[in-house]
A.B. asks: 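The structure that follows is given in the form of structure tokens.
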Amino acid sequence: MEEIREELSNQGYIRKTAKPKRNVQKSGPLCFKSSEGYQIWVGRNNVQNDELTLKFAKPDDLWLHAKNIPGSHVIVRVPDPIPEKTLFEAASLAAWFSKARNSSKVQIDYTRAKYVRKPSGAKPGMVVYVNYKTVVVDPKEPAFLSAENNQFIGQ
């Protein structure tokens, strides 16, 4: 909650609190493991989405996001060609962690991270991307994957 409050305050949507809370540990993106053994990272808020996509992801990592819907950025370190099962598992996570969670047949765009950039002056979480493909998946609760941990894993 503190991270969300801080983000809203930095964007000018709410007033800054007089006393910042002490010892507030920043949470990191969620990390899951696909059934094929690949790690899948999911941002929990706009600031984490930016960190995950623009700082953590390597150029050839797979980046996923719900098409035209607010949601989490998802990063997977996979080889080329992309393993189909891992692609659909990561896409299901992107659908689950979006505003389309209660929908069926959600469109998920995916591309390599090198094709994702942040326009100058854009708000946290806002990116543009090219060279993408789209898959259609049903959102699935993350129970289908094993949650490895909830801390940010460095490169």
A.B. asks: Any idea which heavy atoms bring Val76 and Ala90 closest together, and the distance?
C.D. replies: CG2-CB, 3.6 Å

A.B. asks: Under 4.5 Å between any side-chain heavy atoms of Tyr132 and Val116, yes or no?
C.D. replies: no

A.B. asks: Could you go step by step and tell me if Gln107 and Thr134 meet the side-chain hydrogen bond (donor to acceptor under 3.5 Å, both in side chains) rule?
C.D. replies: CA-CA 6 Å; Gln107 293 183 345; Thr134 303; 5.8 Å; no

A.B. asks: So, Lys85 side chain and Glu36 main chain: donor-acceptor pair closer than 3.5 Å or not?
C.D. replies: no

A.B. asks: Does Pro139 offer a backbone N or O that forms a donor-acceptor pair with the side chain of Arg101 under 3.5 Å?
C.D. replies: no

A.B. asks: So with a 6.0 Å cut-off around NZ of Lys114, is the heavy-atom count from everything else above 12?
C.D. replies: yes

A.B. asks: Taking His65 for the side chain and Ala94 for the main chain, is one N or O donor matched with an acceptor at less than 3.5 Å?
C.D. replies: no

A.B. asks: Could you tell me whether the side chain of Ser98 and the main chain of Ala95 form a donor-acceptor pair under 3.5 Å?
C.D. replies: yes

A.B. asks: Flag the pair Asp61 and Arg112 as a salt bridge only when some basic side-chain nitrogen lies within less than 4.0 angstrom of an acidic carboxylate oxygen.
C.D. replies: no

A.B. asks: So does Tyr129 have more than 12 non-hydrogen atoms from other groups sitting under 6.0 Å from OH?
C.D. replies: yes

A.B. asks: Using side-chain heavy atoms (C-beta onward) and a distance below 4.5 Å, is Ile40 in contact with Val74?
C.D. replies: yes

A.B. asks: Centroid-to-centroid, Phe56 to Trp41, below 6.0 Å?
C.D. replies: yes

A.B. asks: Taking C-beta and beyond as the side chain, do Val106 and Val136 meet within less than 4.5 Å on heavy atoms?
C.D. replies: no

A.B. asks: Where is the tightest heavy-atom contact between Gln48 and Gly43, given as atom of each residue plus distance?
C.D. replies: OE1-C, 3.8 Å

A.B. asks: Using a 4.5 Å cut-off on heavy atoms from C-beta on, say whether the side chain of Phe97 contacts that of Ser92.
C.D. replies: no

A.B. asks: Would you confirm whether Asn49, through its side chain, and His73, through its main-chain N or O, come within 3.5 Å as a donor-acceptor pair?
C.D. replies: yes

A.B. asks: Strictly below 4.0 Å, N to O, side chains only: are Lys105 and Asp138 in salt-bridge contact?
C.D. replies: yes

A.B. asks: Set out, in order, the CA-CA distance, both residues' side-chain angles and the distance that settles side-chain hydrogen bond (donor to acceptor under 3.5 Å, both in side chains) for Thr111 and Asn131, then state yes or no.
C.D. replies: CA-CA 6 Å; Thr111 187; Asn131 298 339; 5.9 Å; no

